Protein chains: 2
Amino acid sequence: MNELTDYIKKGIPLSDDIQNKLEEITVEKKVVKGEIILPENSNKKEHIFVASGCLRSFYKAENGKEHTLQFAIKNWWIGDYMTLYTNDKSVVSIESLSHSKILVIDHSNIEKIYLEYPQFEAFQRRNFERRIATLQKRILSLLTLSASEKYDQFVTDYAAFEKVIPNYQIASYLGITPESLSRIRKERINK
Amino acid sequence: MNELTDYIKKGIPLSDDIQNKLEEITVEKKVVKGEIILPENSNKKEHIFVASGCLRSFYKAENGKEHTLQFAIKNWWIGDYMTLYTNDKSVVSIESLSHSKILVIDHSNIEKIYLEYPQFEAFQRRNFERRIATLQKRILSLLTLSASEKYDQFVTDYAAFEKVIPNYQIASYLGITPESLSRIRKERINK
DNA sequence: ATAATTTCTTACCATAGATCAAGTTATATC
DNA sequence: GATATAACTTGATCTATGGTAAGAAATTAT
């Protein structure tokens, strides 16, 4: 297992001083399963850090179908990056898939911490470099793998969270239908 | 056009002081069409800034097929982020699609500049946030759009570079075959 | 516990896009 | 400018995955 795969599975925990600072200007929030943390079409620009549990961001297409952009597990950040630096309203929704503990930090507040704590800026810069790597890895998967291969990879990378994430959401993350995923899972059992 | 689309089209130019500093520790390099800047299976950890021209990074699958991960145009950064923090050899190749001017900076050198120039750290952190946004936007396209819709979006975002980029590479970026792209282009002409 | 709702499975049919193959046009090389 | 090579097009067929529908299983609410 290389460091990228390791990062995908575990994220990078905050150092104590940064976590303390973040908790100073925000509150660790407990959310329950199904709770919407950021709705679509919101004006909020927020960064969410997952202390425990599991969140997901998803895009709702015009035809009503949901497409999962990201699952965020312990030590991961999640937010609507696509509208962070625009005046547009949020394009994704973020919901909790389990009882979770999260830090919700407004973008303008986080910018203040960057100024105050250069080590946080450095931490995030490296963190973002790894995020770029995982996103590129996913793009390559979408470009090169069959439905069944994508599912294999998902199970490897998100093993611990399979129980929390319903299959239809896994399907929507992989870009396949729930029916196809069901067929793929059947093959696995039979062989 | 929102700021994200704007960023996709133009990138973010370096400020003069950062550009000077980067040129101090590296050299602006001229590369010709077809030149390989970073081969796959290399041990190099390099960041490349495109001053002019067009580069692309691509992954070569076992079956020999090439999958384009990124086109980098003026003011864009390109590199193998997937192996930046691992001991693995580079998984993508980077080549020039035109006569281009680039800055090639070793990862260990760039880390030094981050330490010396906090404003460069801040610049890159924001830059990476936008990168994450564009990558997520592409993932949503791959999840939600038909071949023809993906091509429409590509033409909008990369309009200026259509002439430099051969169609089979556009196809490999969109995750379709050159034959399919050819049929899509035919439809456009007929309507 | 029972009912209501949501998620998952399975079967059958439909289709977007892939593959194969052959020709055409464009680009690079001598 | 002729020739070789690479890129593009077009048609015929194939296939992986999607869509529809209906029932089974699991989860949630009463």
Side-chain angles (χ1 to χ4, degrees), chain A residues 31-36 54 56 58 60-68 71 95-99 141-155 161-191, chain B residues 31-36 54 56 58 60-68 71 95-99 141-155 161-191:
Chain A
V31 291
V32 298
K33 187 175 175 179
E35 194 168 337
I36 300 288
C54 185
R56 79 160 178 144
F58 60 95
K60 210 178 287 171
E62 313 72 46
N63 60 19
K65 288 193 179 159
E66 291 181 1
H67 301 270
T68 299
F71 295 110
E95 69 168 358
S96 182
L97 302 183
S98 65
H99 288 246
S141 303
L142 291 171
L143 291 179
T144 62
L145 302 182
S146 70
S148 131
E149 289 166 332
K150 284 187 282 186
Y151 180 61
D152 286 341
Q153 196 177 73
F154 180 85
V155 170
F161 295 82
E162 257 190 296
K163 287 154 211 79
V164 180
I165 304 174
N167 286 331
Y168 76 93
Q169 288 180 12
I170 295 176
S172 86
Y173 178 87
L174 300 177
I176 61 177
T177 60
E179 293 90 338
S180 289
L181 180 55
S182 184
R183 285 172 206 121
I184 289 164
R185 286 162 53 81
K186 192 185 178 183
E187 282 171 29
R188 295 284 180 292
I189 294 159
N190 292 346
K191 81 150 183 43
Chain B
V31 291
V32 299
K33 187 174 173 179
E35 193 167 337
I36 301 287
C54 185
R56 77 160 180 146
F58 61 95
K60 210 178 287 173
E62 312 73 46
N63 60 19
K65 289 193 179 157
E66 292 181 359
H67 301 270
T68 299
F71 295 111
E95 70 167 356
S96 184
L97 302 183
S98 66
H99 288 246
S141 303
L142 290 171
L143 292 178
T144 62
L145 302 183
S146 69
S148 130
E149 289 167 333
K150 283 187 282 186
Y151 179 61
D152 286 340
Q153 196 176 73
F154 180 85
V155 170
F161 295 82
E162 257 190 296
K163 287 154 211 80
V164 180
I165 305 175
N167 286 330
Y168 76 93
Q169 288 180 13
I170 295 177
S172 86
Y173 178 86
L174 301 177
I176 61 177
T177 59
E179 292 92 335
S180 289
L181 181 55
S182 183
R183 285 177 197 114
I184 288 164
R185 287 162 52 82
K186 193 183 179 187
E187 282 171 29
R188 295 284 180 291
I189 294 159
N190 293 344
K191 81 148 180 46

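Just so it is clear, the model here is predicted, and its values are computed rather than measured.
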For B/E95, all residues meeting salt bridge (charged side-chain N to carboxylate O under 4.0 Å, His left out), sequence neighbours excluded: B/R56

Suppose we screen for salt bridge (charged side-chain N to carboxylate O under 4.0 Å, His left out). Which residues come up paired with A/K60, at least two apart in sequence or across chains? A/E40

Would you name the heavy atoms of [X] and [Y] that are closest together and state the gap between them?
X      : Y      : answer
B/L181 : B/Y151 : CD1-CD1, 3.5 Å
B/Q169 : B/L97  : OE1-CD2, 3.3 Å
B/Y173 : A/L143 : O-CD2, 3.8 Å
A/K150 : A/G175 : NZ-O, 4.4 Å

Please list, in 5' to 3' order, the outermost nucleotides of DNA chain D lying under 4.0 Å from any heavy atom of chain B. D/dA7 to D/dA12

CG/A/N167 to OG/A/S172 distance, rounded to the nearest 0.5 angstrom? 11.0 Å

Gap between atom CG of B/L174 and atom CZ of B/F154 - 0.5 Å precision: 6.5 Å

With [X], which residues qualify under side-chain contact (heavy atoms from CB on, under 4.5 Å), at least two apart?
X      : answer
B/Q153 : B/K137, B/S141, B/L145, B/D157
B/S182 : none
B/Y168 : B/P166, B/P178

Residues in side chain to side chain donor-acceptor pair (under 3.5 Å) with B/D152, at least two apart? B/R188

Residues forming a side chain to side chain donor-acceptor pair (under 3.5 Å) with B/T144, sequence neighbours excluded: none

Check: A/C54 main-chain N/O paired with A/S98 side-chain donor or acceptor under 3.5 Å: yes

Verify, without hydrogens or angle tests, whether A/S148 (side chain) and A/I184 (backbone) share a donor-acceptor contact under 3.5 angstrom. no

Nearest-nucleotide comparison on DNA chain C, the residue closer to the 5′ end among B/I184 and A/I165: A/I165

In degrees rounded to 10°, what angle is found between the helical axes fit to the five outermost pairs at each end of the helix from C/dA1-D/dT30 to C/dC30-D/dG1? 70°

Pair of N/O donor and acceptor under 3.5 Å linking C/dT10 base with A/R185 side chain: no

Close residues, residues 166-182 of chain B, relative to DNA chain D [heavy-atom separation under 4.0 Å]: B/P166, B/N167, B/Y168, B/E179, B/S182

In residues 143-152 of chain A, which residues come under 4.0 Å of DNA chain D by heavy atom? A/S146, A/A147

Take nucleotides 24-30 of chain C nucleotide by nucleotide from the 5' end and write B, S or -, depending on whether a protein heavy atom sits under 4.0 Å from the base, only from the sugar-phosphate, or from neither. ----S--

